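Let me begin by presenting the structure, written as structure tokens, before commenting on it.
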There are 2 protein chains.
Amino acid sequence: METVAEIVPGKRHQGFKQMLTQDHAGESIHYHGKLYDILDRAAMLFAQNGYHNTSMRDLAAELKTSLAGLYYYFETKEELLFLISQYSFDSVILSLNEKLNQAGDPVERLNVFVHNHLQYFVTHLSAMKVLSHESDSLSGEYFELINAKKKSYLQILENMLLDIARAQSNQPHMRLNQKIKISALSLFGMMNWTYTWFNPDKHKNQSLSIQKISDQMVNLFLHGFLKD
Amino acid sequence: METVAEIVPGKRHQGFKQMLTQDHAGESIHYHGKLYDILDRAAMLFAQNGYHNTSMRDLAAELKTSLAGLYYYFETKEELLFLISQYSFDSVILSLNEKLNQAGDPVERLNVFVHNHLQYFVTHLSAMKVLSHESDSLSGEYFELINAKKKSYLQILENMLLDIARAQSNQPHMRLNQKIKISALSLFGMMNWTYTWFNPDKHKNQSLSIQKISDQMVNLFLHGFLKD
DNA sequence: GAATTATTCGAACGAACGTTCGAATATAAA
DNA sequence: TTTATATTCGAACGTTCGTTCGAATAATTC
């Protein structure tokens, strides 16, 4: 069974490199409350004020802990950003895979993809905003690792679109690969852009539910996509 | 005739407040090469490394001028970001209005809107990336001014969609206002997300032209939008 | 050419930042 | 209770940052 990366504090000097490579290798989710607390609050602050405008002192104050104490759980601020990004991404993909196991035809699978993405996005708005907005505040190995996840996530969507396109026999006017690439990126644009306008407080218990947004985006997308 | 905001250097202590309010009031574009150079290069650096990761020393080095000399042209780094954002936004809207004067039916006007947006986006990729990505690095009055432009730009698109929706007689299943809001924001998502994947060097003189991207996005969008 | 104005500059200031270190405290193991 | 381990902390270090200031230079006006 697939899981998100194991996250444990302490002895990071020895454990860090292993964590980077052991990703997706473990069997159970090791839960360490304090670190998740840190990731959660940090994501909130990063989403609210931006990564570079949030100081470690801000984070320490938010968590009612000491500045130096934070560094027991990670080695650098950049690693903190990486951990937030990695955990969010792994969670979305994990949740998606669970739902895809019981989803049938290509179109339904696309529905599942969009709804899963939007659902996770708005219920973890801070973390996903950070993931969408600050991913090139990462550098080096951190950047590469998150970028690889992005590419594989995009690949999942592109494969779905390929299935859908093949299912209908019309010859497309455009080269299929190109059409699928632009389509997939457009769909991601629709979905990810929500972080700039979706307000969970404003929309909670209101008529504009995730289900409605998800349905309309799929409609908007699918009719255009299927119409040559 | 509408123009972009007048931009002149020097005596900023007196001239600044006036510039903020005189926006769109002048008749001709006052051109001051050096300041445009600064805005252009700064936009490049901001797009490349992010606003907060670009220091005034970096910018001075890029322009082969002194650090202190920069402050002759603006008062704070934040004002510099504001000037970039304002000039870009005004230019897009100005260019759009020129093209809309000679565009007929609602659907064609939507085509013009999308093509104008994407065209300006990719030919001024740095500045537009900054505008899309760093606009909430602004605060106070700066933020409000750019936000107001954003809202009015969104309103233009929503009005177009309203015209299109009215032109066809089908009763929509969803409340029209809501449908138009989500549709407009989805379309902006498609377009603005391009800054994360469009590579001008890679796509220059290649098969993936702006016209093709624009056409496909309009197709993708319109067929879904018109289909209830 | 003198006077005025516009533009550039070197040097420095104070503040904020990420990070480190050794000591202190809490927790668990023996 | 003693020992070992896990966690927190105050204080400080070195760096980088945006910004300022008064002087120097260039351009323009008279």
Side-chain angles (χ1 to χ4, degrees), chain A residues 6-16 19 30-39 41-42 45-46 48-84 130 134 137-140 142, chain B residues 6-16 19 30-39 41-42 45-46 48-84 130 134 137-140 142:
Chain A
E6 181 177 348
I7 299 185
V8 289
K11 301 288 182 219
R12 303 307 308 282
H13 347 82
Q14 296 153 30
F16 178 60
M19 201 194 70
H30 279 240
Y31 194 97
H32 192 282
K34 185 70 189 287
L35 179 53
Y36 283 118
D37 239 44
I38 295 177
L39 295 189
R41 302 292 192 100
L45 292 182
F46 289 172
Q48 210 162 74
N49 313 317
Y51 171 70
H52 289 100
N53 270 335
T54 305
S55 68
M56 298 301 291
R57 285 164 180 83
D58 291 339
L59 181 55
E62 173 74 25
L63 289 162
K64 295 187 211 316
T65 182
S66 71
L67 174 60
L70 289 174
Y71 284 84
Y72 180 71
Y73 292 90
F74 44 84
E75 288 185 319
T76 66
K77 189 187 180 189
E78 194 181 4
E79 189 193 355
L80 172 58
L81 175 59
F82 168 76
L83 288 176
I84 294 171
V130 170
E134 307 277 11
S137 296
L138 294 173
S139 66
Y142 291 133
Chain B
E6 180 177 348
I7 300 185
V8 289
K11 300 289 182 219
R12 303 307 307 280
H13 348 82
Q14 295 153 30
F16 176 62
M19 201 194 70
H30 279 241
Y31 195 96
H32 191 283
K34 184 72 189 285
L35 179 53
Y36 283 117
D37 238 43
I38 294 176
L39 296 189
R41 301 294 191 98
L45 292 182
F46 289 172
Q48 211 162 74
N49 312 317
Y51 171 70
H52 290 100
N53 270 335
T54 305
S55 67
M56 300 300 292
R57 287 163 180 84
D58 291 338
L59 181 56
E62 173 74 25
L63 289 161
K64 294 189 211 315
T65 183
S66 71
L67 174 60
L70 289 173
Y71 283 84
Y72 181 71
Y73 292 91
F74 44 83
E75 288 185 318
T76 66
K77 188 187 179 189
E78 194 181 4
E79 189 192 355
L80 172 58
L81 176 59
F82 168 76
L83 289 175
I84 293 172
V130 170
E134 307 277 11
S137 296
L138 294 172
S139 66
Y142 291 132

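Quick note on labels: first sequence line is chain A, next is B, and so on, each numbered from 1. Quick note: numbers below take in every heavy atom, side chains included, and nothing from hydrogens, waters or symmetry partners. All of these numbers come straight from a predicted model, not from anything done at the bench.
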Length of the CE-C1' vector between B/M56 and D/dT20, whole Å: 13 Å
Gap between atoms CG and P, on B/L67 and D/dT20 respectively (whole Å): 11 Å
Side-chain heavy-atom pair A/Y71, A/M56 within 4.5 angstrom cut-off: yes
N/O (side chain, B/K34) to phosphate O (OP1/OP2, C/dT8) under 4.0 Å: yes
Min side-chain heavy-atom separation A/L59-A/L80 under 4.5 Å: yes
Whole angstrom value for the distance that separates C1' of C/dG18 from NE2 of A/H52: 12 Å
Length of the CG-P vector between B/N49 and D/dT16, whole Å: 16 Å
Rounded interatomic separation in angstrom, taking CZ from B/F74 and C1' from D/dG18: 11 Å
Whole angstrom value for the distance that separates P of D/dC17 from CG of B/L70: 14 Å
Gap between atoms CG and P, on A/N53 and C/dA15 respectively (whole Å): 19 Å
Aromatic plane relationship, A/F82 with A/Y142 - under 30° parallel, 30 to 60° tilted, over 60° perpendicular: tilted
Residue mapping more 5' on DNA chain D - nearest nucleotide basis, A/T65 or A/R57: A/T65
Nucleotide of D/dT19, D/dT8, C/dT7 approaching B/Y72 most closely (side-chain heavy atoms): C/dT7
A/Y71 side-chain proximity, nearest of D/dC21, D/dC17, C/dT20: C/dT20
Side-chain heavy-atom pair A/F74, A/I38 within 4.5 angstrom cut-off: yes
Residue mapping more 5' on DNA chain C - nearest nucleotide basis, A/D58 or A/A68: A/D58
Whole angstrom value for the distance that separates P of C/dA16 from NZ of A/K77: 15 Å
